[in-house]
Each structure stands twice: as structure tokens, then as C-alpha cells.
Amino acid sequence: MNHINVTIKRLCLYILGLFFLSLGVSFSIQANLGVSPVSSLAYAFALSSNLSVGVMTIVANILFIIIQVILSKQFNLRESFVQLIITFLFGFYMDLTLFLVQLLPTPETLVMRWVFLIISLFVVSIGLIGYFNAKFPLMPYDELTYVISERFNIEFSKAKITSDLLNVGVAGLVCITFIQSLGSIGIGTLVAAYFIGKIVGWLMRHYQKYLVQWVNKDKEDISSKSKVNVVLHKEDMSHLS
């Protein structure tokens with residue numbers, strides 16, 4: 001039962017992480033200074049097609065799954081299906097959170113746009129902490145980075161930079177081709193690419209241990225009870241001898 005509780009906590013952490021991740025992206029969209037590299041292609045598709053960001057997020061992530069299969073030359077139906085479920089959940093969250101953020105006053109001044117951008121950096125970082133620490137399957141874009149790392153035998157950090165640059169480059173090309181502007185790419189894209197990693201690192205140093213302790217509390221309780229039972233058993237045996 002305690003193991004089930006741990007799994008439920010991890011699932012809650014995962015779902016909340018994805019929610020905050022999408023909420024942060026929605027704040028950056030409202031800031032209109034450029035979105036993070038991870039979301040740049042999906043938002044470029046949305047701007048070019050007039051379809052919702054959520055729908056285009058699903059389309060972009062399906063594309064990432066296809067590229068994974070091409071690069072790895074392997075197709076795992078179960079893994080692809082799980083990634084597809086995550087993709088639809090995140091796409092739904094994108095439309096939901098963008099609707100919620102649009103209920104707030106529109107940031108019309110440059111100062112307020114930067115406020116929204118800064119909020120997005122921290123909200124995305126909080127989402128990433130929950131999403132990664134839940135230790136559930138990764139979203140297609142993150143899984144693609146691992147595939148690139150393994151396929152070309154390069155460090156994950158370099159693979160991450162490569163995938164981000166390619167994503168931003170293709171997003172910029174899509175926007176220039178269809179709407180004659182950079183659209184989803186801007187100063188906010190560079191700011192997000194530089195600062196989100198640093199904010200995540202700072203949050204992990206200060207708060208990750210408490211998060212892990214909360215998730216594994218039931219496991220620790222089991223371990224403590226087991227140790228107590230062993231001690232009591234030894235004491236009982238000593239009395240019998």
C-alpha cells in the first residue's frame with residue numbers, strides 16, 4: 001500500500017509539473033518577447049496556421065516522435081504510445097493555461113511584458129523540477145535529445161544545445177515563410193535558453209531534497225519500521241536464549 005502511495009505522489013508531481021510547465025510557456029506567449037526553444041516550433045506552427053497552440057503542440061511532438069524513430073531506427077509501440085498520451089495531455093494543458101493567462105490584463109507596456117517573461121522563467125523551472133523528479137516517461141522533445149546524444153555519441157548537454165538550435169532555426173524559418181516575421185523567436189527565446197537552466201539548478205540545490213523526501217516518505221517509513229522490527233526480534237530472541 002505504501003508503494004502505491006509513493007507512485008500516486010510521483011504521478012501527482014508529474015501532472016503538476018506538466019501543468020506548471022505549460023503555464024510558464026503561456027506566460028511567455030503573453031509576454032510576446034519570444035518563447036523558449038522547446039516550445040518555439042509548436043508556437044510557430046500555431047502562428048502560421050491559426051490553429052490553437054495546444055493542437056500545434058501535439059503536432060510538433062508527434063513530429064519529434066517520428067524523428068526519434070528515424071534517428072534510432074527503432075520503433076517501440078509501447079514507448080511511442082506513452083509519449084503520445086503525454087503529448088495530448090500537454091497539448092490540453094497548453095490551451096487551458098493560455099486561456100487562464102489571457103484572463104489576466106494584457107501586458108501592453110515593455111515593463112509588464114518583461115514581468116510576464118520573468119514569471120514564465122520561474123514557473124517553467126518549477127514545472128521542470130516536478131516533471132523530472134517524478135521519474136516518469138519524458139516528453140517527446142526531451143526523449144529526442146537523448147536519442148540525438150546516443151545516435152551521434154555526444155554529451156547530453158551538447159545534444160540539448162543542438163536540438164534547441166535546430167528547433168529554434170526551423171521555427172524561425174516557418175515563421176518567416178508563412179507570416180514574414182520571426183514570430184515565436186525573440187529576445188525572450190535567448191533569455192529562456194540561458195536562464196531556465198540556471199534557475200532549475202538553483203531550485204534543485206535548495207528544494208529538491210525536500211521534494212524527494214516527500215515523495216519517498218512512505219518508503220522511509222517502511223524502512224524504519226523494518227529496522228525497528230529487526231531490533232525487537234533480536235531482543236525477543238535474546239530473552240529466549
Side-chain angles (χ1 to χ4, degrees), residues 12-61 86-132 139 141-142 164 167-168 170-172 174-204 206-207 211:
C12 291
L13 194 61
Y14 188 73
I15 292 173
L16 282 173
L18 291 179
F19 178 82
F20 274 94
L21 187 56
S22 63
L23 182 62
V25 173
S26 294
F27 267 103
S28 70
I29 289 173
Q30 280 297 91
N32 197 27
L33 291 170
V35 298
S36 65
V38 175
S39 305
S40 58
L41 185 59
Y43 190 43
F45 285 162
L47 291 174
S48 304
S49 66
N50 290 322
L51 294 174
S52 75
V53 178
V55 170
M56 288 298 100
T57 295
I58 293 170
V59 171
N61 278 281
I86 299 168
T87 293
F88 276 93
L89 176 62
F90 190 67
F92 167 74
Y93 275 164
M94 279 305 311
D95 281 342
L96 173 63
T97 55
L98 189 55
F99 169 76
L100 294 175
V101 171
Q102 287 174 341
L103 294 177
L104 300 173
T106 303
E108 297 178 351
T109 66
L110 187 59
V111 171
M112 286 306 301
R113 288 166 66 189
W114 273 97
V115 169
F116 268 56
L117 178 61
I118 292 170
I119 290 173
S120 78
L121 298 179
F122 282 92
V123 175
V124 165
S125 298
I126 291 170
L128 287 173
I129 288 291
Y131 162 63
F132 283 125
M139 288 195 295
Y141 184 82
D142 296 313
D164 283 352
N167 209 36
V168 169
V170 174
V174 169
C175 288
I176 290 173
T177 302
F178 291 99
I179 62 175
Q180 290 73 54
S181 73
L182 286 176
S184 63
I185 311 301
I187 185 64
T189 306
L190 298 176
V191 171
Y194 182 77
F195 282 103
I196 285 178
K198 293 186 176 296
I199 295 172
V200 169
W202 180 81
L203 289 172
M204 287 179 70
H206 289 84
Y207 301 106
L211 198 60

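- Distance CG/Leu128 to CE/Met204: 10.5 Å, rounded to 0.5 Å.
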Working for side-chain contact (heavy atoms from CB on, under 4.5 Å), residues Leu182 and Cys175: CA-CA 5 Å; Leu182 286 176; Cys175 288; 5.6 Å; no
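- The backbone N or O of Phe19 lies less than 3.5 Å from a partner atom in the side chain of Ser22, making a donor-acceptor pair.
- Side-chain contact between Tyr14 and Ile86 is present, with heavy atoms from C-beta onward closer than 4.5 Å.
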Working for side-chain contact (heavy atoms from CB on, under 4.5 Å), residues Thr97 and Phe92: CA-CA 9 Å; Thr97 55; Phe92 167 74; over 6 Å; no
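- Met112 places none of its side-chain heavy atoms less than 4.5 Å from the side chain of Thr106.
- In this structure, the separation between CG on Leu33 and OG on Ser120 is 9.0 Å, given to the nearest 0.5 Å.
- A donor-acceptor pair under 3.5 Å is formed between the side chain of Ser184 and the backbone N or O of Ser40.
- Between Gly188 and Leu117, the shortest heavy-atom distance links the atoms CA-CD2, 3.8 Å.
- When all heavy atoms are compared, the tightest approach of Ser48 to Ala44 is OG-O, 2.8 Å.
- Within a 6.0 Å sphere centred on CD of Glu108, heavy atoms belonging to other residues, nucleotides or ligands number 12 at most.
- With rounding to the nearest 0.5 angstrom, the CZ atom of Phe195 is 8.0 Å from the NZ atom of Lys198.
- Shown here is Phe132, whose CZ atom has more than 12 heavy atoms of other residues, nucleotides or ligands within 6.0 Å.
- Of the candidates Asp164, Asn61, Thr57, Thr87, Tyr141 forms a side chain to side chain donor-acceptor pair (under 3.5 Å) with just one, namely Asp164.
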side-chain contact (heavy atoms from CB on, under 4.5 Å) assessment of Trp114 paired with Val191: CA-CA 11 Å; Trp114 273 97; Val191 171; 4.0 Å; yes
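- A pairwise comparison of heavy atoms in Asn167 and Pro37 identifies ND2-O, 2.6 Å as the closest pair.
- What you find for Val35 and Ser28 is that their closest heavy atoms are CG1-OG, 3.6 Å.
- In terms of the ring pair (Phe, Tyr, Trp, His ring centres under 6.0 Å) criterion, residue partners of Phe116 (sequence neighbours excluded) are, by chain and number, Phe27.
- Panel note: side chain Tyr43, backbone Met56; no donor-acceptor pair is recorded below 3.5 Å.
- With values rounded to the nearest 0.5 angstrom, Leu104 atom CG is found 8.0 Å from Gln30 atom CD.
- Here CZ of Phe90 is found 9.0 Å from OH of Tyr131. Values are rounded to the nearest 0.5 Å.
- At distances below 3.5 Å, at least one donor-acceptor pair connects side-chain atoms of Arg113 with backbone N or O atoms of Asn32.
- Taking the side chain as every heavy atom from C-beta outward, Ile29 and Met94 approach each other to under 4.5 Å.
- Annotation: the span from Leu203 atom CG to Ile199 atom CD1 amounts to 7.5 Å, rounded to 0.5 Å.
- No donor-acceptor pair closer than 3.5 Å links the side chain of Ser36 to the backbone N or O of Thr189.
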